[in-house]
Amino acid sequence: MITFEHVSKVYGEGYRPALAEVTLQIDKGDFVFLVGPSGSGKSTFLRLVLKEEKASSGTVQVAGRDVGRLRSWKVPALRREIGVVFQDFRLLTDKSVFENVAFALQVLGRPRHVIAQSVPETLALVGLQGKEKRRPHELSGGEQQRVAIARAFVNRPSLLLADEPTGNLDPETSVGIMKLLDRINRTGTTIVMATHDDDIVDQMRKRVVELRDGRVVRDEDRGVYGSAR
Amino acid sequence: MITFEHVSKVYGEGYRPALAEVTLQIDKGDFVFLVGPSGSGKSTFLRLVLKEEKASSGTVQVAGRDVGRLRSWKVPALRREIGVVFQDFRLLTDKSVFENVAFALQVLGRPRHVIAQSVPETLALVGLQGKEKRRPHELSGGEQQRVAIARAFVNRPSLLLADEPTGNLDPETSVGIMKLLDRINRTGTTIVMATHDDDIVDQMRKRVVELRDGRVVRDEDRGVYGSAR
Amino acid sequence: MRLGFVLREMGAGLRRNFTMTLSVVLVTMVSLFFLGLGLLVQQQVSILKGDWYDRVQVSIFLCGEVSGEERCPTGPVTTEQRDALRAQLEASPLVDRVFYESQQEAYDNFLEQYDDALTENVTPDQLPESFRVRLTEPDRYEEIREQFAGQPGVEDVPDQRAILGPLFAAMDGATRVAIGLAALMLLCSVLLVSTTIRLTAFSRRRETSIMRLVGASRALIQLPFVLEGVVASFVGAVLASGALYALVEFGVGRLNDRPDFTTRLVETADVLWPTAPVLVGVGLVFSVVASLLSLRRWLRV
Amino acid sequence: MRLGFVLREMGAGLRRNFTMTLSVVLVTMVSLFFLGLGLLVQQQVSILKGDWYDRVQVSIFLCGEVSGEERCPTGPVTTEQRDALRAQLEASPLVDRVFYESQQEAYDNFLEQYDDALTENVTPDQLPESFRVRLTEPDRYEEIREQFAGQPGVEDVPDQRAILGPLFAAMDGATRVAIGLAALMLLCSVLLVSTTIRLTAFSRRRETSIMRLVGASRALIQLPFVLEGVVASFVGAVLASGALYALVEFGVGRLNDRPDFTTRLVETADVLWPTAPVLVGVGLVFSVVASLLSLRRWLRV
Ligand SMILES: Nc1ncnc2c1ncn2[C@@H]1O[C@H](COP(=O)(O)OP(=O)(O)OP(=O)(O)O)[C@@H](O)[C@H]1O
Ligand SMILES: Nc1ncnc2c1ncn2[C@@H]1O[C@H](COP(=O)(O)OP(=O)(O)OP(=O)(O)O)[C@@H](O)[C@H]1O
Ligand SMILES: [Mg+2]
Ligand SMILES: [Mg+2]
């Protein structure tokens, strides 16, 4: 699904590299935790997958595409195969839950009847039946993150990226979100999640990739958050 | 230091109250954790103390001032007695570490020699000696949060508010920040910290106030994060 | 220390929104240019009116040998008629002074005013003698005209205002157009100043929020924004004054230098005082008002 | 579905930055108003030039009884001189047609043109006879003048261009001022369109970032912003055309209606075509260019 080969990323002259010689393979259907201290390059890794940034050297392949060589007008097609979730939800505050999720389909020009079918289906999947008409501010943080996940997943992407999706949530709510992501992973969707949340990583026992100063220092199946603790 | 009496806050017509009939006293020198699920009113509590928002009913007293009745031109004087730290650091990216901390003194019109003395003192306190000339992006997240704490503390406020200061930090770095806050607390500064981080709360064993739907549901000395777990 | 701080912040704001600042400067310049143009045209009108009122004379042409039957049924003016008219004029409270112009004097003036081709064939007795009357109140011109036109011995009392009337109307029209454009553009510049402040407030919201948090006073937070608008408007006003000065110096001035052009026109001195200070004043007032309005909305403490 | 989406996004952008949009509309309006004014004055100049060239005649006044010694040392024109001149004129390749105006004809024209007071004392023999010459190439006016002035029997060949020259110069000056103001204001409106787009991009950055994340195409993301600038400029151009139409209808039109005013002037039809379409075109081109420039910087995919 994702292949990094000797990928480095330097944001500018004189900066130290945010990613240094990263080589990594993530297969279809994997659930990978990306851990590491602040500034270790987790978000940079995800941005490279999305082609929000361009690698300084090395090759990045995502879903069979060579991302580095991708023409800019083909980038949207790449992003349609990837769903993304962030710590701060990034919902549109003046749109209802239904509209927020539908937005992702509207901009792709999906016909009305497709939207009328997919959106409620996806909202049911994330456990938000009956809350279609609410505005984001009328929801708890956990529910807002579910809306964000529904939006990322409504287009049935084969890859879901999550950058600290539980960072703003209390532990209880976080567990709920993780269960949801696990369920989505079981449908065959590859999930890569950057996180600081040791409890969650330790509990889920999935593949863990640890970055430190832009280098992969650990890559374990069924790993835990801290290696040296 | 802080006294809330029957304080409610409703953000607008038709919203459910963000705080409901909160009565709470925090004494000088206390270290208080404010916990509770997302949307329970922790940030609202801190905003009321700062008079960023006005309580809908009830009286808020801070450092002997009735905040609700405070004239708007007296608000700056109130804020000079309070230091604030946020999850996202809020540093000025085009200023050096020294300048970021000095900024807080410059806007208060402190003379140059005072700045030249206080800033290095405070930077030493937070453990950033030798990094005065770095820019924020050249620092790790933990170091950036130390700069933010230095800026909040350089004016020697009697009260320090922290809204999820470790939310963006990995567990290791978080422990360092907590040690720093503890040290600051020992100098006599009252600290109120909103957090989701159960490990830290459980480890520090300080006073814990739990909010749920805007109500105080628990107030324990030397408490832990979860009551019902 | 604090002044330096405010000025540095202001400079940062100006630089950060350079295109916006440039727009404010240009639009303010154009708006104030039109305002100034309107003021100058108004000044020109009042100069002309003053000159005209100074010079205004009722000419009462008397019947001569060549006058037509129709206007002068009694033939050429008689001595008694002429004396009666003079007495009537001198008795009138409207009349300041009376001059008598004989046929010979009229001929001399005619020779002076027109060129040879026309004058060669004219003799003194073809031109009418006249009374030239200076009025105490030039406005009441029409009354004199009505009183004397048609009296025996009077051939004609021409209405001089018919010549200047359209000129004044045109200039008044020009003033109105200039002031209208100025108003439209001032509206623009108020909108732009407030948008600029909104933009600056937006792009500097991090600094501002930190300033609020550490307890900076409201004045210290808002002053750089107000100053930013004030500086931009001031530059605009100065540029507008400069453009007007150039216009008067090179446009009007060239007319003034021509020897055959005797009408008094506005001068560069008129631009320097009072036009330029008025423009600067108007620019400052509008920008401060615009700043304060947008600060209320965008920069609460 | 997608068109509706784009239009909704554009409407949201316009509403969100209403003051900015208003500024763009007003500044575009004023800039295009001046551009249109310049175009109309240019049109007026070419109408006048055309009319003048159509009418242009070289008048060759011949010596008469009353001509001075100085110009006509040989006395009144003789029949031979007159015939020689006519032959010369008819032979010249520059001459299209030649009319002869006798003293009596000149007198009749004079009576028509001037009012009684002056004409009463004039007799036919005081006026000169003349040749009126229509040219094949009006531009080469001067050559004819030089050839015939000073020939025996010729009193004068007056230079008509001296009258119209300053008028044309003044109108050319007015065109330059209007075009200059238009350029200045167009610069403003380009700056404003790009600032508006920046502002909109900023205030809608959340929507845009979400659109980018879910894989919206670049066109879909950028179109609403471009359309926003285009709509604002279009409204400005239409308003400018309306203002010009009103100016021509009520200002120039009133002049045209006066019976004593025979010069052909620009008409409202001239505003409708080609001025208004040119303004709309210029407005659109500039706003699209401004949009694309700022989109490059502010809205990369
Ligand atoms: N746009 C940027 N320009 C310059 N440097 C950047 C930029 N984004 C990130 N960096 C730098 O790159 C390095 C890696 O940053 P990145 O955001 O990938 O870390 P992270 O692991 O996501 O950290 P966190 O846990 O704080 O989110 C850091 O040193 C950071 O300062
Ligand atoms: N500016 C606002 N306008 C309207 N409602 C608001 C505003 N700020 C907060 N709220 C609402 O008030 C309630 C309490 O919010 P608050 O930010 O205080 O919660 P919190 O405990 O800090 O949550 P979190 O852990 O997510 O930071 C929530 O329901 C929220 O939606
Ligand atoms: Mg990150
Ligand atoms: Mg909060």
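Everything quoted here is computed from the prediction, not taken from an experiment. A, B, ... follow the sequence lines: proteins, then strands. Residue 1 opens every chain.
- Side-chain contact between B:His196 and A:Thr173: absent, with no pair of heavy atoms (C-beta onward) separated by less than 4.5 Å.
- With a threshold of 4.5 angstrom between heavy atoms, A:Gln87 approaches chain B through side-chain atoms but not through N, CA, C or O.
- Using a distance-only test at 3.5 Å, with no hydrogens or angles considered, a donor-acceptor pair links the side chain of A:Asp170 to the main chain of B:Ser38.
- In this structure, B:Asp198 CG and A:Asp198 CG are separated by 8.0 Å, a value rounded to the nearest 0.5 Å.
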